[in-house]
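Reviewing the structure listed below.
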Amino acid sequence: MKKYSFKLIFSSALLVAIVLSGLLAPLIAPYDPNAIDMSAKLQGFSCAHPLGTDALGRDMLSRALYGGRASILLGLSATALSMAFGLIVGMIGGYFGGAADAAAAVLANIFRGIPGTCFMVAIAGILGPGIPNLLLALFLTGWAGFSRIVRTETLRIREEGYVEGLKALGAGPFCLLGKHIFPNMLPRIIVLFTARAGRCVLSLASLSYLGLGVRPPAPDWSVMISDARLDYRSAPHLILVPGLCIFLLLFALNLLGDALRDQFDVKSGEVKEF
Amino acid sequence: MRPYLIRKLISLLPVLLGISLLAFVLGAMTPGNPAELALSRGGYEPTARQIAEMEEKMGLNEPRPMQYLQWAGRVLKGDLGTSYYSGNPVSRELMRRFPVTLKLAACSMALTVFLGIGLGTAAAARQGKLTDRIIGTVINIQLSLPAFWLALLMILLFAETLRWLPTSGNGGLRYMLMPSLVLSASGSAVTARLTRSALLEELGKQYCTAAMARGIGRWRLVVRNALPNAAVPVTAMLGNSLGGMLGGSIVVESVFALPGIGSYALTAVANRDYPALQGYVLLTGAVYVLSGLLADIIGMALNPRIRPEGKKV
């Protein structure tokens, strides 16, 4: 194993810190994130409120600590969901080929044919906002990209000598797929997962900002920014604090993806492009 | 080239068909009775009889596949239905707003090409050096900035504090500068990254080694020899990045109060105006697919060596 790079350690540490502060929010937050105190509204940084208060006098630090929980949880589960489906479709299609593969490819092309965010807004708009609909929107726009890459990878690995050899030894297709082809793709899959998770969190943030994702008064970073649209000119900390939080989360994810790519030495154009 | 184009067009047909099917299913999934929704504009409460007549008129009593065929037939004639909210034809409203989004997308695309290829080329030419590392970090920062936050920060800095640029609204190029910068942020980062890796791949090939052996300068080698060959994957990616721009334009148009199709879709969501949303999905899907085709054609023009599926063109 190669030595771990500074990038890898830095980004994982940042990510762990963000996730931990979200997990421990109920223990370390100084106030209830939704407690309204109109006498202390729009305050700057102070000892009582280290990151100030918003237009309703809610403590910004407490809200910022709670603010990542929904995005991280939803982003990761939506990515995992679309990845699992994309993996199955891509591996089976790539390995067996034939009519099912062609049908899956056409289906994936259709879903890739509609710009992701446009489709998400349409789904969230028609089905109404809400966690299950959000998951559905993220899943529907995410799986096709995975399945295409997994399919190409499966096609490539299927032709390798050791797969041929195992086949000659009598290995069945599902044993080959699960025990030999999948582990060989795993590094790429992990790189893809981090890249995609970042994008998922970003789309989720945009949807929440537009009022189609996580709904106010839930303490969420994007909701906090959206709430501050009237007051941010006089009180910039209202958008600086939550915005920096989203930025750090995404930056950690992107950097981690980069570092993992270097670590695993993934050179495929498909993965780079993603 | 022509047989390839025809094959490509034929392969796009199922995709376009699928997009229309998706848009139809989205419309069919709407909660509530479409006939009632269409009639109850402006707080009006239709009678049961009116609803029944409207159902008949809208063809809602037909089986779903029939409904789809009728709907698709109307779409092909350019009829996307009537907006529940304004009562105007959806196609007319979309077409009135489309130029604004198109202008925004064109400005962003120009910035994406300029910034993306510029940064990517500089990073490849100085591979492993400080410039390369700085550009790598800048790319990661660009990818990590949520568009709505970047937009608000820019308004805060350039419009509120420095007063250089107008906050929002539709007008000349001055009004387009901030929105298109925001919209091109992530696209130009992806382009820069791909340009860099495509260039490095080219630079590892023999013709580049040979050119270097003859003493050609690094910059000249990168720009004159490697860049044209690296342009093919980059153009394909640029075609794809238009999809991201169409999606991102929803956020950007909302923050900068631009009356394009993105803000139209948002209003449609707020008003539960389903035909408008359906039309929006159809339009963006079609534009996206066609832009992919255009990128393909440009890629072929840039590099005539591309032989589709190994056959002679």
Side-chain angles (χ1 to χ4, degrees), chain A residues 11 106-107 109-129 140-141 195 198-199 201-203 205-207 209-212 221-222 225-226 228-229 232-233 236 239-240 242-244 246-255 257-258 267 269 272-274, chain B residues 11-12 14-19 21-23 26-27 29-31 136 140-141 143-150 152-153 155-156 160 186 190 193-194 197-198 201 233 237 240 242-248 250-251 254 262 265-266 268-270 272 274 277-278 280-281 284-285 287-289 292:
Chain A
S11 56
V106 169
L107 201 64
N109 270 335
I110 293 168
F111 276 95
R112 281 162 32 79
I114 296 180
T117 317
C118 303
F119 195 47
M120 274 190 249
V121 167
I123 293 178
I126 285 177
L127 297 180
L140 283 180
T141 50
R199 282 213 205 169
V201 171
L202 196 58
S203 322
S206 306
L207 284 178
Y209 173 78
L210 295 172
L212 299 170
W221 294 327
S222 321
I225 296 179
S226 174
R229 268 183 289 191
Y232 77 94
R233 291 187 173 88
I239 61 165
L240 284 179
L244 265 179
I246 306 180
F247 171 74
L248 282 179
L249 171 62
L250 290 169
F251 191 63
L253 276 172
N254 281 326
L255 219 54
D258 254 21
K267 287 238 168 68
K272 265 183 297 196
E273 209 181 306
F274 199 68
Chain B
S11 78
L12 286 182
V15 176
L16 286 172
L17 203 72
I19 292 173
L21 207 59
L22 262 184
L26 270 180
M29 281 193 319
T30 55
N140 267 328
I141 292 178
L143 285 174
S144 312
L145 286 166
F148 55 94
W149 191 53
L150 181 62
L152 292 176
L153 287 184
I155 292 178
L156 211 52
E160 297 289 326
S186 72
V190 180
R193 187 177 273 177
L194 183 70
S197 57
E201 206 173 308
M237 216 276 320
N240 279 335
L242 193 83
M245 284 180 187
L246 285 174
I250 301 179
V251 173
S254 142
L266 266 189
V269 168
R272 308 220 156 271
Y274 303 123
L277 270 178
Q278 230 176 3
Y280 174 74
V281 169
T284 48
V287 169
Y288 186 34
V289 169

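Lettering follows sequence order; numbering is per chain, from 1. Since this is a predicted model, take the numbers as computed values, not measurements.
For Leu140(A), no part lies under 4.5 angstrom from a heavy atom of chain B. Of the two parts of Leu212(A), only the side chain, counted from C-beta on, holds a non-hydrogen atom closer than 4.5 Å to a non-hydrogen atom of chain B. Of the atoms belonging to Leu266(B), it is side-chain heavy atoms, and not backbone ones, that fall under 4.5 Å from chain A. In this structure, chain A has heavy atoms under 4.5 Å from both the backbone and the side chain of Ile141(B). Using a 4.5 Å cut-off between heavy atoms, Leu22(B) contacts chain A through its side chain alone, with no backbone atom that close. Proximity to chain B (any heavy atom under 4.5 Å) is shown, for Leu248(A), by neither the backbone nor the side chain. With a 4.5 Å cut-off on non-hydrogen atoms, Val121(A) touches chain B through its backbone and its side chain both. Both the backbone and the side chain of Ile239(A) come within less than 4.5 Å of a heavy atom in chain B. With a 4.5 Å cut-off on non-hydrogen atoms, Thr284(B) touches chain A through its backbone and its side chain both.
Summarising the geometry of Leu250(A) relative to Ser144(B), their closest heavy-atom pair is CD1-O, 3.3 Å, with the distance given to 0.1 Å. Shortest non-hydrogen contact noted between Ile250(B) and Thr117(A) is CD1-O, 4.3 Å. Contact detail for Leu156(B) and Pro236(A): the closest heavy-atom pair is CD2-CB, 3.8 Å. Heavy atoms only, all atoms of each residue included: Leu202(A) and Pro146(B) are closest at CD1-CA, 3.7 Å. For the residue pair Pro115(A) and Gly243(B), the shortest heavy atom distance occurs at CB-O, 3.3 Å. Contact detail for Ala122(A) and Val281(B): the closest heavy-atom pair is CB-CG2, 3.4 Å.
Contact tally against chain B (heavy-atom pairs below 4.5 Å) for Val106(A), Asn109(A), Ile225(A): the top residue is Ile225(A). Ranking Leu153(B), Leu17(B), Leu16(B), Ile19(B) against chain A, the residue ahead of the rest is Ile19(B), based on heavy-atom pairs under 4.5 Å. Between chain A and the options Val269(B), Leu152(B), Leu143(B), heavy-atom pairs under 4.5 Å are most frequent for Leu152(B).
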| said: Pair Val15(B), Arg112(A) - check side chain to side chain contact (heavy atoms under 4.5 Å, CB included), show working. | reply: CA-CA 9 Å; Val15(B) 176; Arg112(A) 281 162 32 79; over 6 Å; no
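With sequence neighbours excluded, no residue forms a side-chain hydrogen bond (donor to acceptor under 3.5 Å, both in side chains) with Tyr209(A). Checked against side-chain hydrogen bond (donor to acceptor under 3.5 Å, both in side chains), Ser226(A) has the following partners two or more places apart in sequence or in another chain: Arg229(A).
Counting heavy atoms from C-beta on, the side chains of Pro242(A) and Trp149(B) never come closer than 4.5 Å. Taking 4.5 Å as the limit, some side-chain heavy atom of Phe119(A) sits within range of a side-chain heavy atom of Leu26(B).
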